[in-house]
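Heavy atoms only: backbone and side chains are in, while hydrogens, waters and symmetry mates are out. One is the number of the first residue; the rest follow in order along the sequence. The structure presented is a predicted model; accordingly, all values stated were derived computationally and were not measured.
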Amino acid sequence: MINRVFAYGTLNLSDVQTHLWGEEKQGRVKQLDDYKLHSYPSGIYYIDKEFGETVAGKVYELTDEQLRATDRYEGSAYSRERVTIDGEI
C-alpha cells in the first residue's frame with residue numbers, strides 16, 4: 001500500500017530519508033493550509049491548527065514499512081493525522 005505523508009522538518013533531509021526509508025525521495029512541494037509551525041524550547045518542531053496560516057513542506061509516498069519506520073523515528077511525542085492538501089487526503 002502507498003501512504004502519503006506530509007513532512008515539514010527533518011524528514012526532508014536526504015540522510016534521514018536514506019536511514020529510515022533506504023532511499024532518498026524527492027517528494028512534491030506542498031503547503032498545508034490552516035496550520036502553523038511552532039517549536040518547543042528544546043528545538044523540536046510541531047504543527048497546530050491555526051486558521052489563515054500555512055506550513056510549507058513536501059508530500060512523500062511511502063510503503064507500509066517506510067511508514068512504520070517513520071512512526072518509530074518520530075516517537076510518541078507525535079501523532080499522525082489525516083489531512084487534505086490540494087483536495088487529496
Q) Can you name the closest pair of heavy atoms from Y8 and Y45 and give their distance? A) OH-O, 3.7 Å

Q. Under 4.5 Å between side-chain heavy atoms, hopping through other hydrophobics if needed: is there a path connecting Y35 to V59?
A. yes

Q.
I need the minimum non-hydrogen distance between I47 and V55, along with the two atoms involved.
A. CG2-CG2, 3.8 Å

Q | NZ-OH distance between K36 and Y46, expressed to the nearest 0.5 angstrom | A | 10.0 Å

Q: Please answer whether the main-chain N or O of K25 pairs with a side-chain N or O of Q17 as donor and acceptor at a distance below 3.5 Å.
A: yes

Q: Decide whether Y60 and I2 are clustered together by the hydrophobic rule: side chain heavy atoms of Ile, Leu, Val, Met, Phe, Trp, Tyr closer than 4.5 Å, transitively.
A: no

Q. To the nearest 0.5 Å, how far apart are CG in D71 and OG in S76?
A. 11.5 Å

Q. Where the side chain of D33 meets the backbone of T54, is there a donor-acceptor pair that is under 3.5 Å apart?
A. no

(Q) Quick check: do L67 and R80 have side-chain heavy atoms less than 4.5 Å from each other? (A) yes

Q. Below 4.5 Å, heavy atoms only, C-beta onward: do E74 and L11 meet side chain to side chain?
A. yes

Q.
Tell me the closest heavy-atom pair linking Q66 and L62, and the distance in Å.
A. OE1-CA, 3.3 Å

Q) Any chance NE2 of H38 has more than 12 other-residue heavy atoms, nucleotides or ligands included, within less than 6.0 Å? A) yes

Q. OG/S14 to NE2/H19 distance, rounded to the nearest 0.5 angstrom?
A. 13.5 Å

Q.
A side-chain contact here means heavy atoms from C-beta on lying under 4.5 Å apart; do T63 and W21 qualify?
A. no

**Q.** Shortest non-hydrogen contact from Q31 toward I85
**A.** O-CG2, 3.7 Å

Q: Decide yes or no for E50 and D48: does some side-chain heavy atom of the first lie under 4.5 Å from some side-chain heavy atom of the second?
A: no

Q | From OG1 (T84) to CG (D34), nearest 0.5 Å | A | 11.0 Å

Q.
Hydrophobic clusters here meaning ILVMFWY residues chained together by side-chain heavy-atom distances under 4.5 Å, can you tell me if Y78 and L20 are in one?
A. no

Q) What is the minimum heavy-atom distance between A56 and F6, and which atoms define it? A) C-CZ, 3.9 Å

